[in-house]
Amino acid sequence: MGDLKIFSGNANRPLALGVCKYLGVPLGHAMVGTFKNGETRVKIEQHVRGADVFVIQPTSSPSDHHIMELLIMIDALRRASADRITAVIPYYAYAKQEKKAAGREPISAKLMANLIATAGADRVIAVDLHAPAIQGFFDIPVDHLTAIPILADLLNMQNIGDVVVVSPDSGGVSRANEFRYRINADLAIIAKHRPEPDVAEVLEMVGDVRGRTAVIVDDMISTGGTLEEAADMLLARGAKSVMAYAVHPIMADNACELIRRSKLERVVVTNTIQLSDSCKDHKIIIEPIDWLIGEAIRRTHEGSSISTLFQAPRYRQEPLIP
Ligand code: R5P
């Protein structure tokens, strides 16, 4: 492989800079802006011929704009003769549209995969895809990273007595299960219903939360409705307190306000998506995962194993050097 080069769109430059710091490489020079007519404008401002290039861009809000930045950057790098291009997508948008739930609906997550490959990406690195099956939407290699062990370790370090891990819906059970194995806790499962898009209604719960600290584990916080509803039910069922650990802080609509006002004691998220300053609050704790993404990039560049990154019995803040 040629030289390692990292570029970033505008979605989360602090994360890209953190990854570069971890790797000890400078962030590549590229102009990523907008023409007056609103179209995305990109110019790679350094030599990339023969290089092993990684483009870091979570497709967070405004998603369509950030997706176009990613696609156009990949196109520019391909035409500039980069040897290999890896799209590093810490948050993959449209992931909840991964199947037709009703007739005449699109499968937008698959369309995203087609666009990324057609633009010229050779590989993808993603973090906690809403549905792991999205890996199969690509015909190029996908490395699927997870921050769940990092979040579980964080909770473990706090030595909170009697914890029960809660999946806020049936789709999240394996994620919550992975988390609770790491901290050796029981599992409870909530049955959630969506009467309309973006509205969460908690129906029932299986498991015993009485007198215990309930920890909701989820992949993303979008409107915050799921967390608010789940917290109310858990407290009504006798939980001592409720916390949430989620990977992607989308924080759509007035989610931050909702969380601030909710009965949740603490909400821990990662930095796959950049939080606005107005959302920062003592209740919301951000755990950076720059090192995880940096380590995955290093291993991809060197051709070493990524799966061993997740095999340690206890995840650690420092990288596990093979
Ligand atoms: C749903 O399947 C996801 O895992 C999350 O629970 C959901 O996206 C959270 O959305 P919201 O915050 O809008 O309730």
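Counting starts at 1 for both ligands and their atoms, following the listed order.
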Over 12 non-hydrogen atoms of neighbours within 6.0 angstrom of CZ in Arg194: yes

Which side-chain N or O atoms in residues 13-20 pair as donor and acceptor under 3.5 Å with protein atoms at least two apart or in another chain?
none

Among pairs that include at least one residue of residues 95-123, which meet ring-ring contact (aromatic ring centres under 6.0 Å, His included), considering only residues two or more places apart or in two chains? none

NE2 of His193: more than 12 outside heavy atoms within 6.0 angstrom? yes

Regarding Arg212 and Asp186, does a basic nitrogen lie under 4.0 Å from an acidic carboxylate oxygen? yes

Which salt bridge (Lys or Arg N to Asp or Glu O under 4.0 Å) pairs, counting each pair once, include a residue from residues 80-96, with sequence neighbours left out? Asp52-Arg84

Residues in the immediate environment of ligand 1 (any heavy atom closer than 4.0 angstrom): Lys96, His130, Asp169, Lys192, Arg194, Asp218, Asp219, Met220, Ile221, Ser222, Thr223, Gly224, Gly225, Thr226

